[in-house]
Amino acid sequence: MSTPQIIPPGSTIGILGGGQLGRMTALAAARLGYRCLVYAPDEHSIAGDVAAGYVRGDYDDTDALARFARRVDVITYEFENVPEAAVVACLEHKPVRPGVTPIHVAQHRLREKQFFATLGIGTADYQPVRNEAELAAATALPGILKTCREGYDGKGQARVHDRASLEAAWERLGRRECILEALVDFRCEVSAIVARGLDGAMRCFPIGLNDHRDGILHTTTVPADLAAETLATAERFGLALAQGLDLVGLVALEMFVTQDGTVLANEMAPRPHNSGHWTIDACATSQFEQLVRAICGLPLGPVDVTAPSRMENLIGEEATDWLRYLADPSARLHLYGKASARPGRKMGHVTFVQPAASSRRSTT
Ligand code: ATP
Ligand code: MG
């Protein structure tokens, strides 16, 4: 068996996408001695701010992508809606990890659900709504109508109760390719984040318990106070997914736990995930470092919880409270450096870490 090719510290990692996930990846990479080059279409990039370099280019500019790829040793992406063609263009020059298949699957909700089924991962009942005939045949009511492509933070979705609201919602979503998912009466939501290395080794971070507000992740708590069997199923689904995708890198799987304890997959993201931000402050290895390790062919790091924690997203104006968090000894503040605090925008997060009993000392 040949040893997988290691991309050593000192090498350059290319990141497609310029948001906070790229930013935190670049910070973790720098700590291990790597340089990062960020590629994104925007004039300014908060990932580029902390990287060795920033290339502004469109995702359909294959010449610019080729030039970018030639300057790096390995490429990853920080969001799953990078056009497939952009990844293929990069792949002609350098390895792209986690690769094309994960985004091909993750970019389309119907394909994603079908892929889960092939791996024995359960989902809510669903039906495709791509045309009038499928609209007429759809029965998963009450449900959520979701566009197959380009939904995030609850955008491109509508709750529907009956046929009339279903038909109105499909009109409102522009009669685009959609899927109708039965509404799951869940007890809670959880996520599994799994790293898979170049040699096929896998590690699943401890399962996070997630609370959403207005369709956006609000908090993640770890350890999740759930039955061992539920946690084991969530982990098994995450591992099956990483293996099934044959991916090198990270994949996050969001799941529902129903009232009777059944675990159902919602969606996946082949990249670091908001519900894994707690790992920066309360886990032996952060999800960002784990991604760097995986794509560079390094051994994966340990995933032990170092302290119970609760991550809270700072959305819009909430980030203006930074002084309060800095004054709280249990709070670890992360601000993303975004210029304007638009409503619904993720501006930062704070992880509340339970202090270890032995480290509680008077500061006076
Ligand atoms: P994000 O990018 O934040 O993950 P998204 O736009 O991709 O969001 P989903 O993950 O599909 O959207 O849904 C967002 C939230 O809406 C879920 O976390 C859950 O709280 C709720 N939700 C989605 N689908 C269902 C369902 N079938 N039944 C009940 N609740 C649901
Ligand atoms: Mg989601």
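- Around atom CG of Asp225, no more than 12 heavy atoms belonging to other residues, nucleotides or ligands sit under 6.0 Å away.
- For Phe205, the ring-ring contact (aromatic ring centres under 6.0 Å, His included) test picks out no residue, with sequence neighbours left out.
- Partners of Arg213 according to the salt bridge (charged side-chain N to carboxylate O under 4.0 Å, His left out) rule, which considers only residues two or more places apart in sequence or in another chain, do not exist here.
- Qualifying salt bridge (charged side-chain N to carboxylate O under 4.0 Å, His left out) partners for Glu235, counting only residues two or more places apart in sequence or in other chains: none.
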Practice item. Just do the side-chain hydrogen bond (donor to acceptor under 3.5 Å, both in side chains) check on Gln20 and His349 with the steps written out, would you? Key: CA-CA 11 Å; Gln20 66 265 21; His349 72 268; over 6 Å; no
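- Every residue meeting the ring-ring contact (aromatic ring centres under 6.0 Å, His included) condition with Phe288, not counting sequence neighbours, appears here in chain and number order: His277.
- For Glu78, there are no salt bridge (charged side-chain N to carboxylate O under 4.0 Å, His left out) partners at least two apart in sequence or on another chain.
- In this structure, SG on Cys148 lies 8.5 Å from CZ on Arg109, to the nearest 0.5 angstrom.
- Screening Asn210, Thr351, Asn313 against Thr220 for a side-chain hydrogen bond (donor to acceptor under 3.5 Å, both in side chains) leaves a single residue, Asn210.
- In this structure the side chain of Leu253 reaches within 4.5 angstrom of the side chain of Phe116, judged on heavy atoms.
- For Asn131, the CG atom sits in a packed shell: over 12 heavy atoms of surrounding residues, nucleotides or ligands are nearer than 6.0 Å.
- A salt bridge between Glu181 and Lys113 is present, with a side-chain N of the basic residue lying under 4.0 Å from a carboxylate O of the acidic one.
- Within a 6.0 Å sphere centred on CZ of Arg111, heavy atoms belonging to other residues, nucleotides or ligands number more than 12.
- Annotation for Glu229: atom CD does not count as buried by contact number, only 12 or fewer foreign heavy atoms lying within 6.0 Å.
- Counting only heavy atoms from C-beta outward, the side chains of Leu298 and Ile7 never approach each other to under 4.5 Å.
- Remark: Ser340 pairs with Arg342, Arg345 by the side-chain contact (heavy atoms from CB on, under 4.5 Å) rule, at least two apart or across chains.
- Residue pairs meeting the side chain to side chain donor-acceptor pair (under 3.5 Å) criterion with at least one partner in residues 295-311, sequence neighbours excluded, are Arg310-Glu312.
- In this view, Asp211 satisfies the side-chain hydrogen bond (donor to acceptor under 3.5 Å, both in side chains) rule with no residue, not counting sequence neighbours.
- Between the side chain of Glu92 and the backbone N or O of Ala89, no donor-acceptor pair lies under 3.5 Å.
- In this structure, Arg187 does not pair ionically with Asp260, as no charged nitrogen and carboxylate oxygen lie closer than 4.0 Å.
- Judged as a ring pair (Phe, Tyr, Trp, His ring centres under 6.0 Å), the pairs with a partner in residues 227-266 (not counting sequence neighbours) are, in order, Phe186-Phe256.
- Two residues are said to be in side-chain contact when any heavy atoms from C-beta on lie closer than 4.5 Å; Met268 and Val105 meet this criterion.
- In this structure, Arg293 places its CZ atom where more than 12 heavy-atom neighbours from other residues, nucleotides or ligands lie under 6.0 Å away.
- Annotation: side-chain contact (heavy atoms from CB on, under 4.5 Å) contacts of Pro223 (sequence neighbours excluded): Pro308.
- Salt-bridge formation is not detected for the pair Glu150/Lys155: no Lys NZ or Arg NE/NH1/NH2 atom is positioned less than 4.0 Å from an Asp or Glu carboxylate oxygen.
- Among residues at least two apart or in separate chains, there is no salt bridge (charged side-chain N to carboxylate O under 4.0 Å, His left out) pair with a member in residues 61-77.
- The side-chain heavy atoms of Leu32 and Glu289, taken from C-beta on, include a pair separated by under 4.5 Å.
- Legend: ring pair (Phe, Tyr, Trp, His ring centres under 6.0 Å) pairs involving residues 126-147, not counting sequence neighbours: none detected.
- By the 4.5 Å heavy-atom criterion applied to side chains, Thr279 and Thr285 are not counted as neighbours.
- The shortest side-chain heavy-atom distance between Gln114 and Leu110 falls under the 4.5 Å cut-off.
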